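Residue numbering restarts at 1 for every chain, and letters A, B, ... go by the order of the sequence lines. Because the structure is a prediction, the values reported are computed rather than measured.
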Amino acid sequence: MISIANAVGSGDLGVELDVAEVESDLDLPYTEYDPSNYHGLYLRLVEGGPLITVYRSGKYIISGCSTFEQLYETNDAFLTTLSELDIVDAETETGFTVQNVVCTAQLDDPVDLNTLSIALGLESVEYEPEQFPGLIYRPADHPAVLLVFANGKIVITGASDVDTAEDAFKHLQKQVTTYLEQ
DNA sequence: TCTCATGAGTCTTATATAAATTCCGTAT
DNA sequence: ATACGGAATTTATATAAGACTCATGAGA
């Protein structure tokens, strides 16, 4: 009932890098390094696949994955590629961690966002339709942020695992059901 | 027929959300 | 000098506005 749209993870290679040099050493379908635009080196191991942003410090971010499996596989492939070029040791432990998961879900029915903002409690809601069509809900006891749209579509973001996102969504569903009954 | 204008329809961008990262500018 | 905020990236979501293309009509 909820599906992952984007998973983001980060790790640390533990070595300082000359990212311009790394870019030229790699033979990838996509690389981009333009310090005047951004100081991170962008890499894609697969065309159209997840994006890896590598920094001078050796820290890196992988984004654009639609499953955790793809995220970890991308991380493994990235480390393998780097170790083959002797940029890092094959045994490098990067402490790769999932940082954020963006999920989508759908409520059974359309919702009136003005009514819902009152039902959820104005203190935890931001809803300014002229600025953005979605209602922004930050549940007090769930570490995630939900975007609720009038047609019932939901975006859950800010959670570091799917269970947390799912709990937050279930909580929202319960609140919506309660408000419908009143 | 050719050119210009206007209309319609499509496409892009901005708006907002989270997280990691580093660097640059500003403010104290 | 230190501290802090904004910048770019990804992704779903939905609105509006502006940019843009193509067509058709009218006037010359």
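A/Gly9 approaches A/Phe96 most closely through the heavy-atom pair C-CE1, 3.5 Å.
Between A/Phe132 and A/Tyr127, a ring centre-to-centre spacing not shorter than 6.0 Å is recorded.
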Verdict with supporting geometry, A/Tyr38 and A/Tyr33, ring-ring contact (aromatic ring centres under 6.0 Å, His included): CA-CA 8 Å; A/Tyr38 191 62; A/Tyr33 180 55; 9.6 Å; no
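A donor and an acceptor atom, one from each side chain of A/Tyr137 and A/His142, are nowhere located under 3.5 Å apart. Side-chain contact of A/Thr164 with A/Asp161: a donor-acceptor pair under 3.5 Å is present, judged by distance alone.
Under a 3.5 Å cut-off, the side chain of A/Asn151 and the backbone N or O of A/Pro110 do not form any donor-acceptor pair. The main-chain N or O of A/Gly49 is found under 3.5 Å from a side-chain atom of A/Arg44 such that the two form a donor-acceptor pair.
Within residues 120-133 of chain A, the residues having any heavy atom closer than 4.0 Å to DNA chain B are, in order of number, A/Glu126, A/Gln131, A/Phe132.
A/Leu147 comes within contact range of at least one nucleobase, with a heavy-atom separation under 4.0 Å. Looking at heavy-atom distances under 4.0 Å, A/Ser57 makes contact with sugar-phosphate atoms alone, never a base.
A salt bridge links A/Arg138 with A/Glu126: the closest approach of a Lys/Arg side-chain nitrogen to an acidic carboxylate oxygen falls below 4.0 angstrom.
Taking 4.0 Å as the cutoff to heavy atoms of chain A, we find the contact window on DNA chain B bounded by B/dT15 to B/dC23.
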Can you build the contact string for nucleotides 6-11 of chain C? Use B for base contact, S for sugar-phosphate-only contact, and - for no protein heavy atom under 4.0 Å. --BSBB
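Other residues, nucleotides and ligands contribute more than 12 heavy atoms inside 6.0 Å of the CD atom of A/Glu16. For A/Glu69, the CD atom is loosely surrounded, since the number of other residues' heavy atoms within 6.0 Å does not exceed 12.
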